[in-house]
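Worksheet for the structure shown next.
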Amino acid sequence: MIAPPDAASVSADSFDLMFLVMVVFSGFIVLLVATLVIVFSIRFRSGSRANRHEVRRLVSREVEIAWTAATAFGAMFFFWFASAHFLRHAAAPVDAMEVHVEAKQWMWKATHESGARELGSLHVPLGRATILYMNSQDVIHSFFVPAFRLKQDVVPGMTTTMWFTPTRTGSFHLFCAEYCGTGHSTMLGEIVVMDEAAFAAWLEARPGSGSLVDAGRVLFTEAGCASCHDPASAVHAPDLRGIYGRPVPLADGRIVTADAAYLQDSILQPDRDVVAGFDPIMPNFSGLLDEDEVAGLVAWLRTLERDDG
Amino acid sequence: MTLEAEAGRGRPGQTLPRSYLGAGHSVRSWLLTTDHKRIALLYLGTITVFFLIGGSAATLMRLELVTPPGELVSADTYNRLFTLHGVIMVWFFLVPAVPATLGNFVLPLAIGARDVAFPRLNLLSWYLTIAGGVLVLASLLLGGVDTGWTFYTPYSSLYSNSYVTLAAMGVFVNGFGSIATGINFLVTIHTQRTRGLTWMRLPLFVWSLYAVSIVMVLATPALAVALLMVVVERLFDLGLFDPARGGDPILFQHIFWFYSHPAVYIMILPGFGVISEVLTCFARRRIFGYEAMVFAMLAIAIFGFFVWGHHMFVSGQSYYANLIFSFLSFAIAVPSAIKVFNWSGTLYGGHITFEASMLYALGFIGLFTLGGLTGLFVASVPIDVHVTDTYFIVAHFHYIMVGGMVTAFFAGLHFWWPKITGRLYSESFARLAALLMFVGFNFTFFPQFILGWMGMPRRYWSYPDDFQVLNVASSLGAVILAAAYLLPPVYLGLSLWRGKPAGDNPWDATGLEWTTSSPPPRENFAVLPVVDTEPYAYHADRVEPHRRGDASHRAVSQSSDPGDDA
Amino acid sequence: MTRGLHEPFATLPRQREAATFGIWIFLATEMIFFGGLFLGYAVYRHEYPAGFAAAGARTDIVIGTANTMLLLTSSATMAAAVWSGRAGLRGNTLLALVLTALLGTGFLVLKAVEYRNDIDEGLVPGSPAFPLSEPGAELFFGYYWAMTGLHTVHLVIGVGALGLTAWRLWRGRLAWRGTGFLHVLGLYWHFVDVIWIFLFPLLYLMGR
Amino acid sequence: MQRDQDDGRGLWLKAGAVWIALGVVLAATVAGAYLAPGPLRLPLALGLGAVKAALVVVVFMELFDSRASTRIAPLVGALFVALLFALSFADEATRQEMPRSFAAPPERAVQDR
C-alpha cells in the first residue's frame, strides 16, 4: 500500500503544504530540463535539417546571467519559505505539557509529570502542546514520529527537546531513526493520541493499577518482553512458560534453578547467565525498570508456571 | 635521469614508440610501475573488485528487505552489510573511481605532459589505497563492522563490539592515498601543462580534477583526524567525545561532516568534468558558457565546505547553526543549477549522435537534476527534519552518487576505453547496458523517495508491513540494476580480444589525449603538443560536423591509421 | 644529465618549485589534520574553562619550556642546514643536520620522561588515580595526550628522516645540490615546530 | 652551481639571530602566562605564539620567496581551519542552555570489547 503518512499534528499540516510546493517546483524543473534535453536531442540529431547558427557570445552571456539570477532568487525564496516555518515552530508554548523521555539500547521510556511511566509507548492528549525533554543513557538515538513529521536526536550527555500539538486521535508509529546498534530496527514504539478526557482517565489509572501480577502482565507486553519471548516470535529467545522453579542449563555449562533472584538478574544483567543455546542478545533493562516493575514481572512469570500446570 | 637525454626522442617522422601496455609484461613491471597509465589500470582493477564486493552487500540487503520481518540474515549481519557497503563504496570505489582511475590516465595526456609531477608518489597512493582496503577486508573477514560508514560516536568509540579500529584505520590509510593523489594532481596541473595550454584553455575534465583535488587535500585530513580520535578513544580510552566525562558526541559529527560533505563533491565534481567532455564531443558543440562552468566548479568545491551542518539539523545542534547551514546549503544550489542548464544549452545547435557514452551523459543530466533538486528538500530545515535518516535521504544521495557519479564513470570509461586499450567495444551492447542502468536505477531508487516520505527509517533490518510494496519494487529494480552492471565487464573484456582497433581518435574528439596513438606510448607523446586554440573547438574547420558520420565511415578512417598494433 | 632530476621534469628549478609547492600543500593538509584536535580543545575549553585551567596547571612547565626551546633551536639549525646546502657547503650541512636530529632526539627523551611522570601522577583519562575532579579536567588530558602524541609521531618521523638524510649525505648517495630536497625536509621540520609553538601555551601555560 | 667561498659564517649568524629572537619571545610568553591579567593571558599567549610562528614561517621556511601559487597553499589551509572553527562554534557557542540530564546521571554501560 502506498499511502501518504498520517498527518496528526499542527506542524504536519504545514509540512505537507510546503512539501507539496517543493514537489511541484522540482517536478517543473525536471520537466523543463528533460524537455530541453529531449527536444534538443531530437531537433539537433546528426543529419537533421535544423538551422544551426552560432550562438553569439552576447546572447549566451545574457542567458547565463538570466538563469543564474533565477536560480539564486529561487534558492533564497525557498530558504525564506522554509526558515519562516522553522522559526514559527521553534519555541514551544509556555503551557506545554512536559514529558521526559529516556532512550536506551533499544527501548523508549517516558515519564509523565504525574510520575506515571510507560515503556515503548507515549500517551498524549489531543490538541494540547506537549514538550519532550529527551536523554539517552548510551548512544545517540532519534525520536521519530512520521505522523507528526518530527524527529529529534537523543544524545547522551545532553538534553534535547521536541514539541508537538496532536490534531488526530489514534495510534502512530514511533521509530528510532539514528542507528544505535543491533536492535536499532526493533527500537519501536507507538504514540497514542487520546482526547483529553480519555487521557486524564488513562493517567489516573496509571500508577499502581491492580495487583503486582497485573502490572507484570501489562509490563511484559509494554516493555517489549513479549516481542521476543512469545513462543510465536521470530526472535530466538527462551520460552518462559513454566520457567519458574525449573533447572536451566547455562551457556557456560552450569545449571541453575530459575528462582526469583535468577529471573531478576536475567532482566537486569542479561549478559551474565545466558541460557545454553541462545545468543546474548537480550537488552539490559537496568535503569529502565524500577524494583517494583521487576518484581511485577517476576510475579507474572511465576503465574505462567501455574497456568501451565 | 632526464627524459630529454634519451637518444632519438621527440624527432618527428620517426616510427611511434611501443604502447605503454607493451613496455613490460612481468608482474614486477606492473607493481613497480611509475607510469600514470599503468597506475590507472591498477586502480581500475582495484575499484572493480571493491565495486563487486560493495555491490554484493547491497544485493543481499535488498533481498533481506523484500519481506518486513528480518528473515534472510540476522540484524547483526544486516548492520555489518550496510556498513561494509557504505565504507567500500564511498572510500574504495567512488572516491578513487574517476579521479584516481580515469583522471590518472587522462590528466597528463589531456594537458600534454609526460606524466604526473610525482610519479612515485602516484604509485604510493595506489599502495595506500590497497593497504587501506586490506585492513577493511581484514575487518570484514574477522567479523565485520557495524557502525555505519559514518562511525558516529559514542556508538563507534564506546559501544560497538565489532572491528571498528581495524576498519577506521583502513579508511585512515586510504585517506592518505587520496591526499597524495590530490597533491599530485594540483602540482601536475600547475607545473606540467604543455606550451600554449593556458588556464582558460584547459578542458573541463582537467578543471574538474583541479577542483576535486582542492577538496581532497583540504577535506580528507579532517576525516583522518576524526577517525584517529575514534581509534585512540577505543584503544587508549582517552574519552575525547565521551559524554560520561562531559564530552560532546556532536563535535565528532562536525569534524566528520567537514570532510564528508565535501566528499560528496569529491564524488560528483569529476563526474561534471567527464560529462562536459562527452557531451561536447557527441553534440559537436563548444560547451555553453565555458567560464561559467569553470567558476561553478570552483565555487562548488569551495562552498562545499560551508554546508556540512545540514546533515545535523536534528542532531541537537543549535537553531542558529541550523539557519546558517540551511542558508549556505541553498546557496550552493546556484552553481549546480548553472551546470545543468549549461549542459542543456550545449546541446542546442549541435549535430548529436547517440553513442553509449552519450546515452550515459544524457542519463546523468536527468538523474543529477533529480538528485540535486531533492537536495533543496534536505536544505530546508523543516522538511529535512522529517526526511533525514529515512529512505528519502538514501534515495537522494544514491541519485547523486550512483545516478550521478557511477553513470559519469561509465560515460568516461566508454569514452576513453578506445584510448586506454586501443580497441572498440560493441556499441550495441554498450547502449543496451546504458539504457538498462538508467531504467534499473530509477526502478530501484525512486520508490525509496516515497518510502522515506512515508517515514521508513534507514538502516532498518525489519520494518512495519505498510512499507513492503515499495520495498519489493525497489528490490526488483535492484535486480535489473545488478544485471546492467554485470554487462560492461563482459563486453569490455571481450573487446580486448575481439574488438576492432580503435585508431587514434575514434570519436573525432578535440582533447590532446586524442592526438597521440591508442594506446599511448610510455612517454605519452612523441613530440609534446603545442596548443593554440580554446577547448572544444568542434565548430572549427578541421572537425566539420559532417566528417563524423556513421560507423562505416569511421572504420575506413581508422584502417588508414598507421602504427597501431596493441 | 643532471643529478637528481626526475621524470617528468625538464629542468631542476622547475622540479624544485614543484616539490616546494607539493610540500606546502601537504603542510596545508597537516594544518587541517591538527585543526580537528585544536577544535576539540577549543570547544571543551569554551565549555569548561575552570576544569581546563585546573588541569593545565598540572602539566610540567619546566620540561615543556625546555622542550619548546629545544625545538626552536632545532629549527634554527635546520635552517642553517638548508642554507648551507644551498651554498654548497657539504660539511656544514652535515653538521647542522646531525645537530638538528640530536635536538629532536633530546625533545623526545624529555617528552618520554614527562610522559612517565604524568602516568605516575595518574594524569591519564580514565585512570583510577586521576587527581582532579573539576568537570572537563579529564577532557583536557584526553586532548593533551592526543595532541602531544600526534605531534610526537610527527617528530619521530622527522628525526628518522633527518638521520637518513644525514647518512645518505655522508655516504654521497644524496642528490642534495639544487634539488631542493633539504628545503622540503626543512619545511616539514619547521612545520612540526610551528605546531608545537601553539601547543605549548595551550597545554602548559593555561591556569598558571 | 656556484660555490660560496665563505665558510658559511653568515648563514649561521642569521640563524643565530633569529634563534635569539625566538628565545626572547618564548621568555615573554612564559612570563606573560604568570604576570598578565587573567583574561589577557590566552590572547597574549596565542599572539606571541603567532610571532614565533611568523618568524619561523617567514625566515626559516622562506614562504615569501616562493611562487604565488605556493604562498597561497598555507594561506588556504589556515582559512579552512578558520572555517572549521567558525562554523563549528556557530553551533557550539549558541546551543540551548539546558541541564545535561532530566533523569538520573547516565551510568556507564558495561562494554563487551
Side-chain angles (χ1 to χ4, degrees), chain A residues 1-2 4-5 15 18-19 22 26 29-30 33-34 36-37 40-41 44-46 52-55 60 63-64 67-68 71-72 75-76 78-79 82-83 85-86 89-90 138-140 142 144 146 149-153 155-158 160 173 175 177-186 234, chain B residues 69 75-76 79 148 152 154-155 159 243 247-250 288-289 292 314-316 319 323 326-327 330-331 333-334 337-338 340-341 344-345 347-353 362 365-366 369-370 373 376-377 380-383 385-386 388-389 450 454-455 457 459-464 466 469-470:
Chain A
M1 300 114 284
I2 306 171
F15 170 94
M18 192 162 33
F19 195 81
M22 289 195 103
S26 304
I29 299 286
V30 169
V33 172
L36 283 179
V37 167
F40 288 169
S41 292
F44 297 107
R45 69 189 184 280
S46 187
R52 298 172 167 89
H53 58 86
E54 187 83 353
V55 181
S60 86
V63 172
E64 196 83 55
W67 65 43
T68 306
T71 324
M76 286 311 105
F78 278 111
F79 169 67
S83 302
H85 173 279
F86 168 65
H89 293 268
D138 37 45
V139 301
I140 302 177
S142 192
F144 176 32
R149 312 286 188 275
L150 286 177
K151 182 185 290 124
Q152 174 62 53
D153 282 8
V155 185
M158 65 186 280
T160 54
H173 285 303
F175 293 120
E178 185 65 68
Y179 174 68
C180 57
T182 309
H184 171 55
S185 53
T186 54
Chain B
D76 269 331
N79 296 342
Y152 269 17
Y155 185 73
Y159 287 85
D248 179 6
I250 298 177
F288 190 94
V314 300
S315 70
Y319 294 145
L323 284 178
S326 172
F327 175 79
F330 274 110
V334 178
I338 291 177
V340 169
F341 286 126
S344 315
L347 295 174
Y348 181 83
H351 293 77
I352 302 168
T353 53
L362 295 175
I365 298 179
T369 303
L370 196 51
L373 280 167
L376 291 181
F377 289 68
S380 343
V381 183
I383 293 187
V385 165
H386 177 61
T388 190
D389 280 323
I450 306 170
M454 288 167 66
R459 296 175 171 179
Y460 262 35
W461 155 75
S462 61
Y463 54 87
D466 349 354
V469 175
L470 288 164

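First the proteins, then the strands, lettered A, B, ... as listed; each starts at 1.
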Please report the interatomic distance CG(B:D248) to CE(A:M158), rounded to the nearest 0.5 Å. 6.5 Å
One should read off an interatomic distance between A:F44 CZ and B:L347 CG, to the nearest 0.5 angstrom, of 9.5 Å
Answer whether the closest heavy-atom distance between the side chains of A:F144 and B:D389 falls below 4.5 Å. no
Search all heavy atoms of B:S344 against all heavy atoms of A:V37 and return the closest pair with its distance. OG-CG2, 4.2 Å
Decide if the gap between the ring center of A:Y179 and the ring center of B:Y155 is smaller than 6.0 angstrom. yes
Non-hydrogen atoms of A:T160 and B:G316 that approach each other most closely: CG2-CA, 4.1 Å
Residue from A:S41, A:C180, A:A90, A:A72 scoring the most non-hydrogen pairs under 4.5 Å with chain B is A:S41
Structural part of B:I450 lying under 4.5 Å from a heavy atom of chain A: side chain
With a 4.5 angstrom heavy-atom cut-off, which part of A:T68 approaches chain B: side chain, backbone, both or neither? both
Which portion of B:Y152 sits near chain A, non-hydrogen atoms under 4.5 angstrom: side chain
Heavy-atom distance under 4.5 Å between the side chains of B:R459 and A:S185, does that happen here? no
Could you tell me the separation between the CD1 atom of B:I338 and the OG1 atom of A:T71, rounded to the nearest 0.5 Å? 6.5 Å
Looking at B:P154 and A:V139, what are the two nearest heavy atoms and their distance? CG-CA, 4.0 Å
Does any backbone or side-chain atom of B:I383 lie under 4.5 Å from a heavy atom of chain A? Answer side chain, backbone, both or neither. both
Please round to the nearest 0.5 Å and tell me the distance separating atom CD1 of A:I29 and atom CZ of B:F341. 5.0 Å
Look at the rings of A:F78 and B:F330 and say which category their plane angle falls in: under 30° parallel, 30 to 60° tilted, over 60° perpendicular. parallel
Identify which part of A:H89 has an atom lying under 4.5 Å from any heavy atom of chain B, answering side chain, backbone, both or neither. neither
B:D76 and A:T182: side chain donor to acceptor below 3.5 Å: yes
Search all heavy atoms of B:G289 against all heavy atoms of A:E64 and return the closest pair with its distance. CA-OE1, 3.5 Å
Proximity breakdown for A:A34 and chain B, heavy-atom pairs closer than 4.5 Å: neither
Ignoring hydrogens, what is the shortest heavy-atom contact between B:P382 and A:H85? Give both atom names and the distance. CB-ND1, 3.2 Å
Given 3.5 Å as the limit, does a donor-acceptor pair link the side chain of A:K151 with the main chain of B:V314, or not? no
Least distance between heavy atoms, B:L373 atom then A:S26 atom: CD1-O, 3.5 Å
Looking at B:G148, B:P249, B:P69, B:G366, which has the largest count of heavy-atom pairs under 4.5 Å with chain A? B:P249
Which answer fits B:V385, side chain, backbone, both or neither, if we ask what part of it has an atom under 4.5 Å from a heavy atom of chain A? both
Taken in chain and number order and not counting sequence neighbours, the residues that satisfy ring-ring contact (aromatic ring centres under 6.0 Å, His included) with B:F377 are A:F19, B:F392
With B:Y463 via side chain to side chain contact (heavy atoms under 4.5 Å, CB included) - residues at least two apart: B:L65, B:P68, B:M456, B:F467, B:Q468, B:N471
Note: vs chain A, highest number of non-hydrogen pairs under 4.5 angstrom among B:V334, B:I365, B:V340, B:L370 is B:V334
Rounding to 0.5 Å, atoms CE (A:M18) and OG (B:S380) come to a distance of 7.0 Å
Greatest number of non-hydrogen atom pairs under 4.5 angstrom with chain A, of B:S326, B:A333, B:A337, B:G345, falls to B:S326
Looking at A:S142, A:S83, A:G181, which has the largest count of heavy-atom pairs under 4.5 Å with chain B? A:G181
